[in-house]
Structures are given as structure tokens and as C-alpha cells.
Protein chains: 2
Amino acid sequence: MKQSSAIHAQIRRDIEAQIMAGDWKPGDRIPYEHQLMATYGCSRMTVNRALRALIEAGLLESRRRAGTIVSHPRVQRAALEIPDIRDEVAGLGETYRLHLDRREIRAATAEDRRLLQIEEGEVLALECRHDAGGRAYALERRLINLAAVPEAAAIDFAAEPPGSWLLAHVPWTEAEHRITAFNAGAKELVALGISAGAACMALERWTWRGDERITYTRQVYPGDRYALVARFRP
Amino acid sequence: MKQSSAIHAQIRRDIEAQIMAGDWKPGDRIPYEHQLMATYGCSRMTVNRALRALIEAGLLESRRRAGTIVSHPRVQRAALEIPDIRDEVAGLGETYRLHLDRREIRAATAEDRRLLQIEEGEVLALECRHDAGGRAYALERRLINLAAVPEAAAIDFAAEPPGSWLLAHVPWTEAEHRITAFNAGAKELVALGISAGAACMALERWTWRGDERITYTRQVYPGDRYALVARFRP
DNA sequence: GACTCAATAATGTATATACATTAATTGAAG
DNA sequence: CTTCAATTAATGTATATACATTATTGAGTC
């Protein structure tokens, strides 16, 4: 029994339950605040607090004078959580190890500029391999925009995975993911120890802070032994 | 300028901005509520409302007597939005078309029971193909637990994609996704019109309502012309 | 120093009240 | 019947206040 016994929490749970049970369907109007006041014998502020939480959560919508209705579920809000590779390996009970294959600070090349959407400047380019239990788990290539994150130039990414460091130290406002499947080429064949033409999964991620792009990364996983799995709530 | 001019919204934006700018780092204590009252010249209820919203959003944590601190970013909250296939195709400016290849109501087989975690009962099994602009876009296989969603038995899924119908009509409390890459077999070769051994992406999804599994689906996309793309905020 | 316990200071919850804002409804004028 | 303005009923925001809850602080004791 960890649930709060606060009135607002109770109202919230009750309304959520009614919606989940299908008693109140999308588009239905739920009771007015003054009716809920009477039902629960509490003040409007308390009812309002419960409703506002459900509105922020996207379960309800309200319009002045018209009342509050159950939202139509928005498909695109189904969200897939993408874990940190080091945590993920640890979660499998395997020993994690990072191999830094390349680390270079350079003036942005044409491709760097395209991926980070910058006019000029320096980037930190990294290439590494994530191992789990002595076996290759994923390949990662990463660009960090040093104009946005100058302190990254001083970090030893042979010790801490770049993704873990960035997510722990740099707040971000927006990101974009791109997941694709492709047939392994010579590079993956050698580095991941898979057969020619085997299906691989590529996960690319761009991360912003405000208008500025912080980092770009492309991670490659062997398709036959990797699944991107995530559990989530709406 | 769509942002609210309410005081609580302003406080919320200001705090968020301070965190994003790095002025307040994870673990730092932000000003006490009574200090923010003084800063903004408003009541504690108003300050509290702003803070509560940020706490629910996971940006802050608070402890009685100790104050409110900036949360340590939780990596696993990076979330990938997965769009509805029909909307996705429409968003590409292509004409969407659904081909229902198979529709069967049957007593759950051993595999159905495993995928839906049921002891017995009837399931609705569907197999369909999603086309975009006259070309195969994805294959879908779906199981619907008729004990959980009896009304699905009466729906004409040749007209409305099963995923669109379910998400619009059945609220869910939890879901799990699994994304894998694999080499195309004979089935994909014919149905998607791709070459033997080409990399494909499979997206599986289980959806719960409470303890009950509502549906299982497996969608297959051709790897060379499909990317799962999503933009999101933390 | 180590333990106990009371005082204190922060957040958590709830109330009664007030006025603002919005949109549905009503009623009057054409 | 249509149009337009006034009324009204709902939510949105904000305040001042009160008491509950809890972790820290600090004083007193062994």
C-alpha cells in the first residue's frame, strides 16, 4: 500500500479507474467540479487539483463552461524508453567493457557540419565498441559539438561511456531518434564478429539544447542477438 | 506567443530555464518556496503549483524540511514516440491502403496463449499488409484477446487498421515494445517485394489494461526503405 | 562521543473565497 | 428564421490561512 491517502489522489485514482474500466469513454463528459465536490465532500480546489493532474497527463481535456471530457487517446504518445548501454549490459548481469577505438578533436568536416547543423567549429569525434561479457555488444560512433559542450574535451571517454557522461551532465531539451535495419558490411563483420550480410540494427540519435545541437550518435547492434526492449506507460 | 502568462507558468518556465542553462545542476537545492514567494510576490500556493508540476514531470524532487532539488536525469526516460501506421503514411503524403489477408476468431492456440498470457479463451487473429502509394509498407500480424475486448469481434478491420481502432477505443495502462533486425525469409520476400536475405525490422508490441493483456502485434518493415523516426522531449 | 528527544523549519494537503475568462444558452430585435 | 447581444454557468487562477507530516537541528543526558 504505497498509494497516497490524500483526497486529491483518491479522486484521481477513481477517475482513472472509471476511464480504464470503460465506464467513461473518450469524448464523454465527466461530472462537473461542483458535482465532484459534493461526491467527495471536499473543496473545489481539491477536485481541481486532481483534474489538473489528469489533464497534464493527457487523460482529460477541459473547456470553460463546457466541462471536462475524456481525451481521445493520442497514438503518438506511445513512448519507447531507450536505455543507457552500460546500464543495459549491467541489467543483463554481464560485465560491461568499453573499448575506445578513436578519439579526435578536429575542425568540423562537411559531414560533421551536416550532422550537427553547425557552420564551423570544433568537434570531438569518438568511435568505440561496447562489450558485454567479453563479447562485442554494439559499435558506436559519436560527434560532440564542442561549442555547446566545451568541457567534454577534457573527459576521458576510455573510462566512461560518452552517452552515459553526456546524459548525466548535459541537460537536453529535444532529441530525435532514427532506427533502421541494414545488412552488415565489412566493418561490422570484423568488429561485431558476425557473418557477411547479417541483419544489423542502427540507432541514430540527435540531441538538442535549445536551438543548438549537442551531439550525434550512431549505434550499431547485431540483429540476431539484440532486441531493443522497453516497457512504458502512456 | 502561445505560452501562458499565469504566474505559476512563469515560475515553471524560469526554473526550467535555469536548469537547462546549467545554472542549477542535478542535486542542487533550488530556493525554498518562501524565497520564491518573495521573488515573485505571490502566494505559496502559486509557487507550490509550479513546483508540483515540475516534480510530476520528473525535473525536481522534494523532501520535507530539506527543500527541493534538481533531479538527476534518468537516462531511461528518453522516450521514442511510435506513430500509428496510417497517420505515418498520411504524413508522408502517400495514399494509405490496408489489405486484410486473414481474419479468424478461434480458441487460443498454445502460441496465442503464450503471447497473450491467457489460460484459455477466444482470440481474434489478423494478418494484414499496409500499403503506401501502391507499394507494400509493412506487414502486420495481430492477436486480440476477446475476453478483454469483446467488441472487437464486430469490427470490420478491412476498413480501419486494427492498431488505429484499438488505440482510439481501448485505453491501456502499460505496453512493451521489442524491436529487432532480421534477414528476410520467403514470406517477407513475396509480401514486401524485397530480395532474399535483405535486412528487415520487426516491431513487436504487447499492450495491457491492468493485469490483462489486450493485444499482441508484430509489424515487419523493409530495412532498406524504412526508418523508425521520432522526435521527443525528456 | 553517543544516544534521546524536543523544537524547528521545510514541504504536503485542504479550505473558503474572490475574481477572471470563456463559451453555451437565452432572449430580443430585425 | 436569423442575427446579435446579454446572461449565465462552467473552468482558470490566485490568495490567505490552517494544520499535518517529516527530516534536520540542537540541547540535554549518560
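So you know, we letter chains A, B, ... as the sequences are listed, proteins then strands, and number each from 1.
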Write down the distance between [atom1] ([X]) and [atom2] ([N]), rounded to a whole number of angstrom.
{"X": "B/R52", "N": "D/dA14", "atom1": "CZ", "atom2": "P", "result": "13 Å"}
{"X": "B/R12", "N": "D/dT13", "atom1": "CZ", "atom2": "C1'", "result": "15 Å"}
{"X": "A/Y40", "N": "C/dT13", "atom1": "OH", "atom2": "P", "result": "17 Å"}
{"X": "A/N48", "N": "D/dT15", "atom1": "CG", "atom2": "P", "result": "15 Å"}
{"X": "A/M45", "N": "C/dC19", "atom1": "CE", "atom2": "P", "result": "16 Å"}
{"X": "B/L60", "N": "C/dA10", "atom1": "CG", "atom2": "P", "result": "17 Å"}
{"X": "B/Y32", "N": "D/dT24", "atom1": "OH", "atom2": "P", "result": "11 Å"}
{"X": "B/E33", "N": "D/dA16", "atom1": "CD", "atom2": "P", "result": "15 Å"}

Base, sugar-phosphate, or nothing for [X], non-hydrogen atoms under 4.0 angstrom?
{"X": "B/R49", "value": "sugar-phosphate"}
{"X": "B/A6", "value": "sugar-phosphate"}
{"X": "B/L51", "value": "nothing"}

Counting only distance, no hydrogens or angles, is the base of D/dG12 paired donor-acceptor with the side chain of A/R65 under 3.5 Å? no
Could you tell me whether the phosphate oxygens of [N], OP1 or OP2, come under 4.0 Å of any side-chain nitrogen or oxygen in [X]?
{"X": "B/T46", "N": "D/dT15", "answer": "yes"}
{"X": "B/S62", "N": "C/dA10", "answer": "no"}
{"X": "A/R63", "N": "C/dA24", "answer": "yes"}
{"X": "A/T68", "N": "D/dA10", "answer": "no"}

Report the nucleotide, chosen from [options], that has the shortest atom-to-atom distance to any side-chain atom of [X].
{"X": "A/C42", "options": "C/dT15, D/dT11, C/dT13", "value": "C/dT15"}
{"X": "A/H8", "options": "C/dA14, D/dT15, D/dG12", "value": "C/dA14"}
{"X": "A/S43", "options": "C/dT15, D/dT13, D/dT15", "value": "C/dT15"}
{"X": "B/H34", "options": "C/dA14, C/dA10, C/dG12", "value": "C/dA10"}
{"X": "A/R64", "options": "D/dT11, D/dT15, C/dT11", "value": "D/dT11"}

Calculate, to the nearest 0.5 Å, the distance between atoms CD1 and CD1 belonging to B/I144 and B/I214 respectively. 10.0 Å
How long is the span from the OG1 atom in B/T68 to the CZ atom in B/R52, to the nearest 0.5 Å? 12.0 Å
Residue closer to the 5' end of DNA chain C, A/R44 versus B/I30 (nearest nucleotide): B/I30
Under 3.5 Å, is there a donor on one side chain and an acceptor on the other for A/T217 and A/E140? yes
With a 3.5 Å cut-off and no angle check, do the side chains of A/Y40 and A/D14 form a donor-acceptor pair? yes
Got more than 12 heavy atoms from elsewhere within 6.0 Å of CZ, B/R97? no
Applying the side chain to side chain donor-acceptor pair (under 3.5 Å) criterion to B/Y96, which one of B/E88, B/R86, B/H130 satisfies it? B/H130
